[in-house]
Amino acid sequence: MKAIVDCNSFYCSCERVFRPDLEQKPVVVLSNNDGCIIARSKEAKAIGIGMTGPYFKAKPLIEKYGVEAFSSNYNLYGDMSWRVMETLKTILGENKVEVYSVDEAFLDVHGFTSAQLQTLAKEIKNTIEKWTGVKVSIGIAPTKTLSKLANRISKKQDGITVLSDDNKIIHALQSTSVNDIWGIGHQYKEKLLNFGIYTAWDLRNLSEEWARKNLGGVVGIRLIKELNGQEAIVMDKDLTNKKMIATTRMFGNAVTDLADIKEAIATYTARAAEKLRRQQSAASIISAFVVPKENTTAPHFTHGPSISTYTILPQPTSLTNELIKPAMKMADQLFEAGKKYKKAGIVLSGLVPDSCIQANLFTPGRSIGRYLMEMIDNINFSMRDDMVKFASSGTKRNWKMRQAFHSPRYTTRWNELYEIS
DNA sequence: TCTGGGGTCCTAGGACCC
DNA sequence: TCTGGGGTCCTAGGACCC
């Protein structure tokens, strides 16, 4: 059996832990740049604020009902997430917990009776709420896909749903629309509806062959298996090392200057290189892209094409300066004078273990570079806020994003600690 | 006026090899 | 005049997730 533990309106819950006055009130959290709504409390959903809609469109509603809006505070959410995950590991043991996202974890819970699972779920739920202040919902079922379904149902009940026998599972499948299944997105939903497949139950009864043809090959087959109670999506014990690392941002305002673009790309490169070193990898490919701001009258928002290029590095590296150099060259290539840009980013791929630490006997110059990076990382980690930067990252930062409603980083900055008066 | 920022996995098809 | 068949590797792009 698999369980999934999911934090309710996670970002909103994090803000509320330190603002108990907002307990029963509508709260939303905005994306970077205060562009989109990315989390809504139950109360905010109830007054009709849509998911991932643009903030400006919801603004009338937000003002009318006095909804509390926060800019995203990833320092706070990251730390709260760590607390929740550590709590789970304390209860079940490290190797039973697979952290799936910032607010979700799968648990391996085989070998329990149905009644024991209920008790266990209650214990987990209560402990997390007590230790961290975050409320969670728990779904338990034979496979990951079914446990996600159980979790969905639990949100409408008391936060715990165990689908332990066939009757319960069948009933759950029959009362769930096909697009509410984990793994069915917008495209597949349309396709399935065209075939007259409306519920999870309809989908479960299709053949694997059909799924192979129509739902993305082996992905579709896995889905059908999972709905039928056969585990096809395995626990992944080691999600710590990424296969690619990206840092991309929308600009606060459209940018027209090459110098600004280069500052931004240098900053993103430095950030990505930091992530790279944290997992002790080196990158063999760096790509850069910019997204021009289009004058569109299209009714639906589209991201527009991005213009990109890449550089294959002479040897894999994790040194910021060795990554910034090609990044700057690519920025020169991508930039067109007279155009406005709204976004830029870099992606590091072809990641390999950073052998520089051992190989320094033959390339002594590089090991000095590695020590320098370690020092910079340590200083930036202890002092925070990028005390030490590369000159190309700039100091003006005309392109920086807007964040008008930022809450204090209560748990990760001494000078922003919660105060009781 | 204003619409995020990460990631993963998979497939098709081209390039290339013998 | 006639121009195979099988395999690998790589990339672009699609689909999904939170």
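Order of the sequence lines fixes the chain letters, A, B, ..., with proteins taken first and strands second; residue numbering starts at 1 for each chain. Owing to the predicted nature of the structure, the values given are computational and were not obtained by experimental measurement.
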Closest to the [X] side chain: [options]?
X	options	answer
A/Lys148	B/dG7, C/dC18, B/dT3	C/dC18
A/Ala246	B/dT3, C/dC18, B/dG7	B/dG7
A/Ser101	C/dC18, B/dG4, B/dG6	C/dC18

Quick one: side chain to side chain donor-acceptor pair (under 3.5 Å) partners of [X], sequence neighbours excluded?
X	result
A/Thr248	none
A/Gln157	A/Thr161
A/Ser9	none

Could you check how far [atom1] of [X] sits from [atom2] of [N], rounded to whole Å?
X	N	atom1	atom2	value
A/Phe289	B/dG4	CZ	C1'	11 Å
A/Trp182	C/dC18	CH2	C1'	11 Å
A/Ile233	C/dC16	CD1	P	14 Å
A/Leu223	C/dC16	CG	C1'	11 Å
A/Asn151	C/dC17	CG	P	14 Å
A/Ile4	C/dC18	CD1	P	8 Å
A/Tyr11	C/dC18	OH	P	12 Å
A/Arg152	C/dC17	CZ	P	12 Å

Is the closest side-chain donor-acceptor distance between [X] and [Y] under 3.5 Å?
X	Y	result
A/Ser41	A/Glu43	yes
A/Thr199	A/Arg204	no
A/Lys242	A/Ser281	no

*Is any side-chain nitrogen or oxygen of A/Lys275 closer than 4.0 Å to OP1 or OP2 of B/dG6?*
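Yes.
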
*asked:* Less than 4.0 angstrom between a side-chain N/O of A/Lys293 and OP1 or OP2 of B/dC2, yes or no?
replied: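 Answer yes for this pair, as a side-chain N or O of A/Lys293 is under 4.0 Å from OP1 or OP2.
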
Scan [X] against the nucleic acid and name what it touches under 4.0 Å (heavy atoms): base, sugar-phosphate only, or nothing.
X	value
A/Arg212	nothing
A/Lys59	nothing
A/Asn32	sugar-phosphate
A/Asp34	nothing
A/Ser72	nothing
A/Ile245	sugar-phosphate

*What pattern of brackets, bars and dots sums up DNA chain C from 5' to 3', given Watson-Crick or G-U wobble pairs under 3.5 Å, [ ] for crossing pairs and | for another strand?*
....||||||||||||||

Side-chain donor-acceptor pairs under 3.5 Å in residues 176-188 of chain A, sequence neighbours left out?
residue, atom, partner, partner atom, Å
A/Thr176, OG1, A/Ala172, O, 2.7
A/Asp180, OD1, A/Arg152, NH2, 3.4
A/Asp180, OD2, A/Arg152, NH2, 3.1

*Do A/Lys144 and A/Phe106 meet the cation-pi criteria used here (NZ or CZ under 6.0 Å from the six-membered ring centre, within 45° of the axis)?*
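Yes, A/Lys144 lies over the aromatic ring of A/Phe106.
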
*Is the backbone of A/Ile49 close enough, under 3.5 Å, to the side chain of A/Arg40 for a donor and an acceptor to pair up by distance?*
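The answer is yes, because a donor-acceptor pair under 3.5 Å joins these two groups.
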
*Keeping the roles fixed (side chain from A/Ser72, backbone from A/Tyr74), state whether a donor-acceptor pair exists under 3.5 Å.*
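Answer holds: no.
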
I'd like a table of atom pairs between the protein and nucleotides 8-15 of chain C - only N or O on both sides, under 3.5 Å - with the distance next to each one.
none

*Considering heavy-atom distances to DNA chain B, does A/Tyr74 or A/Gly216 have its closest nucleotide positioned more toward the 5' end?*
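The residue whose closest nucleotide sits nearer the 5' end is A/Tyr74.
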
*Pick the nucleotide of DNA chain B nearest each of A/Phe251 and A/Val218; which residue has the one closer to the 5' end?*
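With A/Phe251 and A/Val218 compared, the 5'-side residue is A/Phe251.
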
*Lys/Arg N to Asp/Glu carboxylate O, A/Asp79 vs A/Arg409, below 4.0 Å*: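 Looking at A/Arg409 together with A/Asp79, the answer is no, because their closest N to O distance does not fall below 4.0 Å.
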
*When the P atoms of C/dC18 and B/dT3 are considered, how many whole Å apart are they?*
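About 24 Å, rounded to a whole number of Å.
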
